[in-house]
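One structure is given below, encoded as structure tokens.
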Amino acid sequence: MDNANLYDLFRSRFAADLDAPFLETEEGRVLTYGDLDAETGRIANLLAARGVLPGERVAVQVDKSPEALLLYLACLRTGAVYLPLNTAYQRAELEYFIGDASPRLVVCRPSARGMVEELAAAAGCSVVLDLDENGRGSLMEEASRHPAGFATVPRAPDDLAAILYTSGTTGRSKGAMLSHRNLASNALVLHDYWGWKKGDVLLHALPIFHAHGLFVACHCALLNASPMLWLKKFDSRQVLRFLPRATVFMGVPTFYTRLLETAELDRQACANMRLFISGSAPLLAETHREFTERTGHVILERYGMTETIMLTSNPLDGERRAGTVGFPLPGVAVRIAGEHDQSLAAGEVGHVQVKGDNVFGGYWRMPEKTREEFTADGFFRTGDLGIIAPDGYITLVGRSKDLIISGGYNVYPKEIESYLDELPGVAESAVIGVPHRDFGEAVAAVIVPDGSTARQDEDSIIALMKERVAGFKVPKRVVFVDQLPRNAMGKVQKNLLREQLLEVAP
């Protein structure tokens with residue numbers, strides 16, 4: 001039986017010359033594809049020596065570095081299940097993720113090691129290693145003592161490769177289980193659909209705890225044996241510095257709005273570029289048009305989510321229509337459905353549902369939730385509302401699950417409300433998204449005080465929330481009201497709150 005391990009697929013595509021560049025940092029450090037193979041072998045041997053068995057989880061909360069990417073690839077090689085965690089997550093969030101996933105091993109930043117060791121021990125995990133933003137720490141120190149040779153562990157197509165936690169509509173996050181088949185099928189489709197070819201160079205400025213940066217961007221480059229220009233984070237000046245050496249760039253809409261704020265962004269700066277891709281949040285048509293006018297390049301917008309990776313894309317050749325997310329990718333079935341999961345005609349607004357090898361197998365340890373999210377005929381309910389034009393272009397018009405997408409990151413109001421309601425002086429709260437030029441949407445909180453002596457103001461609420469949740473989830477505005485508007489059934493009318501808060505949008 002052929003090995004369906006995703007790493008084996010990547011390895012089959014590496015250049016015959018393993019001295020070919022794989023990754024170059026902004027400081028000028030260069031790793032080759034030979035280095036990739038050797039270093040992932042050392043880390044894989046370390047994981048095996050530390051008792052990580054195929055199918056067991058490795059939880060990782062570290063800053064972006066080449067070694068962080070190598071750790072992911074090494075987990076694939078060992079058959080472990082990679083669990084990336086947003087670097088902004090705080091103690092309460094980490095306690096839940098580690099407790100829920102029951103990892104065999106946790107890798108964290110050195111500064112957080114004491115806290116993480118405590119949380120890991122409570123979850124029955126005794127092995128914690130660390131890795132800093134420069135690729136140093138106990139992980140790589142131990143790995144250096146192991147041999148480079150490692151026989152990649154055979155995996156079946158439906159064996160798990162990764163679990164990515166996505167915020168839950170009813171409070172706590174859900175772990176989306178992604179298999180080797182899910183990741184491989186989507187990578188192969190994107191590699192072909194976006195026309196990757198010899199000579200392509202990826203400028204990588206995305207985080208790698210997210211499906212966009214870790215899977216979509218890195219997998220395409222690896223399948224093409226392309227070099228990546230590796231930035232620790234998005235910085236307009238650094239992006240403009242490296243653009244003349246790159247051919248492909250992937251970003252969230254915020255990246256493009258910030259690039260447009262620089263005077264240096266023009267046709268000459270982008271002369272070597274082949275393709276700009278945007279995703280993770282809706283791109284404003286205005287941004288799409290302005291970018292084309294300034295650079296001569298038409299941004300390719302696509303649509304995906306953690307549970308499905310990519311499911312639609314505007315065409316490489318053909319009209320990249322502003323305000324749309326293009327067509328279903330090859331091998332992906334997308335339909336617009338009514339309230340009873342029946343297919344709707346072109347031009348009708350309904351629920352976006354998807355089926356294909358790219359669609360995840362379910363939520364970790366949540367069989368009932370998994371059943372709820374799939375239709376009787378096997379389509380996944382994305383929670384988005386959309387419309388398909390007569391010529392096939394798909395446009396997203398809203399979200400049925402009350403999701404806020406801020407700077408490309410998902411924020412579910414219920415989770416934030418649960419933290420706000422625990423704060424002293426708060427009787428109840430409602431969280432909504434309000435327009436924000438830079439982030440697309442910003443989190444805003446509407447709070448009803450409880451009348452006690454524990455009085456709060458906007459600054460104190462924001463400060464308390466910064467201690468509890470990741471920064472992108474913290475409300476950027478807090479408004480106090482005597483009562484929340486409710487309908488006859490007692491449900492909070494968030495549409496009215498959005499209208500009222502438009503004038504105080506950040």
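All values below come from the heavy atoms of this structure, side chains included, with hydrogens, waters and symmetry mates left out. These figures come from a predicted structure and were not determined experimentally.
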Where do [X] and [Y] come nearest, in terms of heavy atoms and distance?
{"X": "Glu441", "Y": "Ile405", "answer": "OE1-N, 3.0 Å"}
{"X": "Pro84", "Y": "Ile163", "answer": "CD-O, 3.5 Å"}
{"X": "Ala269", "Y": "Leu243", "answer": "O-CB, 3.7 Å"}
{"X": "Ile387", "Y": "Glu348", "answer": "CG1-O, 3.7 Å"}
{"X": "Ser280", "Y": "Val252", "answer": "CB-CG1, 3.7 Å"}
{"X": "Leu300", "Y": "Asn314", "answer": "CD1-O, 3.4 Å"}

**OP:** For the pair Thr247 and Asp200, evaluate side-chain hydrogen bond (donor to acceptor under 3.5 Å, both in side chains) and give the outcome as yes or no after the intermediate values.
**Re:** CA-CA 6 Å; Thr247 64; Asp200 269 335; 2.7 Å; yes
Has the side chain of [X] got a donor or acceptor atom that lies under 3.5 Å from a matching backbone atom of [Y]?
{"X": "Thr295", "Y": "His297", "value": "yes"}
{"X": "Asp17", "Y": "Asp19", "value": "yes"}
{"X": "Lys494", "Y": "Val431", "value": "yes"}
{"X": "Asn358", "Y": "Ile309", "value": "no"}
{"X": "Thr308", "Y": "Gly304", "value": "no"}
{"X": "Asn182", "Y": "Val359", "value": "yes"}
{"X": "His180", "Y": "Leu6", "value": "yes"}
{"X": "Glu458", "Y": "Val479", "value": "no"}
{"X": "Ser429", "Y": "Val446", "value": "no"}

Original post:
Hey, which of Val62, Ile43, Ile208, Thr40 is the one that makes side chain to side chain contact (heavy atoms under 4.5 Å, CB included) with Leu71?
Top reply: Ile43
Subject >> Pair Thr375-Gln353, side chain to side chain contact (heavy atoms under 4.5 Å, CB included): steps then yes or no >> reply: CA-CA 9 Å; Thr375 65; Gln353 299 180 350; 3.6 Å; yes
Original post:
After noting the C-alpha distance and the side-chain angles of Arg294 and Glu261, does the key distance pass the salt bridge (charged side-chain N to carboxylate O under 4.0 Å, His left out) rule?
Top reply: CA-CA 11 Å; Arg294 287 272 297 275; Glu261 291 170 357; over 6 Å; no
What's the spacing between [X] [atom1] and [Y] [atom2] if we round to 0.5 Å?
{"X": "Arg136", "Y": "Glu133", "atom1": "CZ", "atom2": "CD", "answer": "9.0 Å"}
{"X": "Thr287", "Y": "Arg437", "atom1": "OG1", "atom2": "CZ", "answer": "6.0 Å"}
{"X": "Arg302", "Y": "Leu329", "atom1": "CZ", "atom2": "CG", "answer": "10.0 Å"}
{"X": "Leu94", "Y": "Phe97", "atom1": "CG", "atom2": "CZ", "answer": "7.5 Å"}
{"X": "Asp63", "Y": "Leu131", "atom1": "CG", "atom2": "CG", "answer": "8.5 Å"}
{"X": "Phe360", "Y": "Met177", "atom1": "CZ", "atom2": "CE", "answer": "7.5 Å"}

Geometric cation-pi criterion, [X] with [Y]: 6.0 Å, 45°:
{"X": "Arg381", "Y": "Phe374", "value": "no"}
{"X": "Lys369", "Y": "Trp364", "value": "no"}
{"X": "Lys174", "Y": "Tyr363", "value": "yes"}
{"X": "Arg321", "Y": "Tyr393", "value": "yes"}

Original post:
Would you call Leu265 and Tyr256 a side-chain contact if the rule is heavy atoms closer than 4.5 Å?
Top reply: no
Subject >> Residue pair Thr254 / Phe234, side-chain heavy-atom distance below 4.5 Å >> reply: no
**OP:** Show your reasoning for whether ring pair (Phe, Tyr, Trp, His ring centres under 6.0 Å) applies to His210 and Phe215.
**Re:** CA-CA 8 Å; His210 192 276; Phe215 299 151; 9.5 Å; no
Subject >> salt_bridge(Glu264, Arg237) N-O dist < 4.0 Å >> reply: no
**OP:** Examine the side chains of Trp194 and Ser313 and answer whether a donor and an acceptor come within less than 3.5 Å of each other.
**Re:** yes
Original post:
Does a side chain donor of either His191 or Lys197 reach within less than 3.5 Å of an acceptor in the other side chain?
Top reply: no
**OP:** Under the ring pair (Phe, Tyr, Trp, His ring centres under 6.0 Å) rule, what do His219 and Phe10 come out as? Steps first, then yes or no, please.
**Re:** CA-CA 8 Å; His219 289 180; Phe10 294 147; 5.1 Å; yes
Original post:
Can you check salt bridge (charged side-chain N to carboxylate O under 4.0 Å, His left out) on Arg258 and Asp438, steps first, answer last?
Top reply: CA-CA 7 Å; Arg258 290 183 178 174; Asp438 203 16; 2.6 Å; yes
Subject >> Verdict with reasoning, Arg109 to Asp132, per salt bridge (charged side-chain N to carboxylate O under 4.0 Å, His left out) >> reply: CA-CA 5 Å; Arg109 290 173 287 198; Asp132 69 17; over 6 Å; no
**OP:** For the pair Phe439 and Tyr409, evaluate ring pair (Phe, Tyr, Trp, His ring centres under 6.0 Å) and give the outcome as yes or no after the intermediate values.
**Re:** CA-CA 9 Å; Phe439 298 112; Tyr409 298 129; 9.4 Å; no
